[in-house]
Each structure stands twice: as structure tokens, then as C-alpha cells.
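As C-alpha cells, the structure follows; a few thoughts come after it.
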Amino acid sequence: MLGRNKEKALKKLRKELRSGLYSYLVLSLLEREGELHGYAIRKKLRQLSNGKLVPSEGALYDILKSLRKYRLLEDFWVEVNGRPRKYYRLTNLGREVLGELKKEVEDVVEVLKKLEGFR
């Protein structure tokens with residue numbers, strides 16, 4: 001019974017932790033890389049995190065849709081090797097919001113370092 005409760009708690013808390021983190025990572029990645037299509041975003045996240053922080057394909061497209069809804073990024077179509085691909089890039093608002101989020105992340109990292117005893 002305790003094992004099951006542990007797994008349920010971990011699943012819920014991981015989902016909550018990662019949902020905001022994935023949005024931040026996507027914005028940061030687009031800031032660094034410029035324009036990317038969805039598959040390239042997942043591939044780069046897999047490389048950067050050694051496969052540890054990769055949203056599912058469905059979750060990624062929900063994140064992209066949400067970020068677009070808030071006008072933090074825009075999408076456009078490009079034909080690559082005869083196939084249309086939807087690319088994404090940051091908007092000016094996305095850059096501004098990301099700048100603010102970076103400050104928040106720095107604060108979180110600082111607190112984690114203190115909690116974990118790092119210097």
C-alpha cells in the first residue's frame with residue numbers, strides 16, 4: 001500500500017514540477033536556437049537532458065499551443081524536402097517573459113543550493 005501511495009505522489013509531483021519547467025525549457029531553447037520545429041525541440045531537449053526531461057509528443061504540442069496562445073511564440077510553415085513543417089520562434093513578448101522567468105529560476109536554484117548545502 002505504501003509503495004502505491006509513493007508512486008502516486010511521485011507521479012503527481014513530477015507532473016506538476018515538469019509542466020512549468022517544460023514551458024521554460026522550450027522558451028529558452030527557442031531563444032538559443034532561433035527557429036525549430038516540434039520534433040527538433042524534442043530532440044534537442046533529449047540531448048540536453050540525456051533523455052531525462054523530454055515531454056511526450058502530445059504534451060509538447062499542448063505546451064507549444066499554450067505558449068502561442070499567450071503570444072510568447074509564433075508559428076509558421078516551411079517546406080522541407082517536400083514536406084510541410086511547422087516551425088516555432090519567440091516573439092518579442094516571449095523574450096521579455098523569458099527574461100523575467102530566468103530571474104525566477106535563478107531564485108529557485110539559489111534556494112535549492114541552500115537547502116542541499118551546496119556553495
Side-chain angles (χ1 to χ4, degrees):
M1 186 69 162
L2 286 176
R4 184 181 141 145
N5 288 338
K6 175 184 171 184
E7 291 305 315
K8 283 177 67 175
L10 280 171
K11 183 177 180 179
K12 180 185 184 308
L13 293 172
R14 282 183 179 136
K15 182 178 179 182
E16 289 175 0
L17 181 65
R18 290 179 180 199
S19 66
L21 181 61
Y22 286 150
S23 293
Y24 176 79
L25 292 174
V26 167
L27 291 171
S28 295
L29 186 59
L30 289 172
E31 178 188 49
R32 185 177 101 171
E33 300 289 329
E35 302 169 347
L36 293 170
H37 55 82
Y39 178 76
I41 292 170
R42 284 191 77 229
K43 187 175 176 183
K44 293 216 178 258
L45 288 175
R46 178 174 281 113
Q47 291 169 345
L48 289 168
S49 71
N50 293 320
K52 294 177 184 167
L53 293 173
V54 184
S56 69
E57 192 172 313
L60 175 62
Y61 287 103
D62 286 345
I63 291 164
L64 292 168
K65 183 178 175 182
S66 175
L67 294 173
R68 197 183 62 195
K69 175 183 164 189
Y70 289 108
R71 299 188 181 351
L72 302 181
L73 54 83
E74 59 190 9
D75 60 4
F76 58 98
W77 290 94
V78 174
E79 191 170 314
V80 179
N81 297 325
R83 296 180 55 202
R85 289 195 181 258
K86 188 185 280 191
Y87 276 72
Y88 300 88
R89 66 178 159 230
L90 281 182
T91 62
N92 289 333
L93 178 60
R95 282 189 225 344
E96 289 178 33
V97 168
L98 180 59
E100 293 294 320
L101 290 176
K102 284 181 179 183
K103 294 173 190 171
E104 296 277 332
V105 169
E106 288 170 6
D107 291 343
V108 169
V109 169
E110 191 62 35
V111 170
L112 288 173
K113 286 179 181 178
K114 289 176 182 176
L115 281 173
E116 301 297 324
F118 294 108
R119 298 223 189 279

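The analysis underlying the following values was restricted to heavy atoms, covering all of them including side chains, and did not include hydrogens, waters or symmetry mates.
In plain terms, the two heavy atoms of Ile63 and Ser23 that are nearest each other are CG2-OG, 3.7 Å. Contact detail for Tyr39 and Tyr61: the closest heavy-atom pair is N-OH, 3.8 Å. Between Lys44 and Leu36, the shortest heavy-atom contact is CE-CD2, 4.2 Å. Here the shortest heavy-atom pairing between Leu64 and Leu73 reads O-CD1, 3.9 Å.
Rounded to the nearest 0.5 angstrom, Arg18 CZ and Leu25 CG are separated by 10.5 Å. Here NZ of Lys69 is found 11.5 Å from CG of Asp62. Values are rounded to the nearest 0.5 Å. Separating the CZ atom in Arg68 from the NZ atom in Lys86 is a distance of 5.0 Å, to the nearest 0.5 Å. Here the CG-CD distance, from Leu90 to Glu96, works out to 11.5 Å after rounding to the nearest 0.5 Å. Here Thr91 contributes atom OG1 and Leu72 contributes atom CG; the two are 5.5 Å apart, rounded to the nearest 0.5 Å. How far CG of Asn92 is from CD of Glu74: 8.5 Å, rounded to the nearest 0.5 Å.
Inter-residue side-chain proximity for Val109 and Lys113 is flagged as met; some heavy-atom pair is nearer than 4.5 Å. Taking 4.5 Å as the limit, every side-chain heavy atom of Leu53 sits out of range of all side-chain heavy atoms of Leu45. Residues Leu29 and Leu48 form a side-chain contact, since some pair of their non-hydrogen atoms from C-beta on lies under 4.5 Å apart. Using a 4.5 Å heavy-atom threshold, the side chains of Leu17 and Leu13 count as separate. Side-chain contact between Leu67 and Val26: present, with at least one pair of heavy atoms (C-beta onward) separated by less than 4.5 Å. Taking the side chain as every heavy atom from C-beta outward, Lys102 and Leu98 approach each other to under 4.5 Å. Side-chain contact between Lys114 and Val111: absent, with no pair of heavy atoms (C-beta onward) separated by less than 4.5 Å.
Note: the hydrophobic cluster containing Val54 does not contain Tyr24 (ILVMFWY, side chain heavy atoms under 4.5 Å, direct or indirect links). Transitive grouping of hydrophobic side chains (ILVMFWY, heavy atoms separated by less than 4.5 Å) keeps Val108 and Tyr22 in distinct clusters.
When hydrophobic side chains of Ile, Leu, Val, Met, Phe, Trp and Tyr are connected at separations under 4.5 Å, Val78 ends up clustered with Phe76, Val80, Tyr87.
The only option from Glu31, Glu35, Glu33 that meets the salt bridge (charged side-chain N to carboxylate O under 4.0 Å, His left out) definition with Arg89 turns out to be Glu35.
For the salt bridge (Lys or Arg N to Asp or Glu O under 4.0 Å) test, no residue two or more places apart in sequence or in another chain qualifies with Glu110.
Salt bridge present: Glu100 and Lys103 bring a charged side-chain N and a carboxylate O closer than 4.0 Å.
Remark: the backbone N or O of Pro55 is paired with a side-chain donor or acceptor of Arg42 at under 3.5 angstrom.
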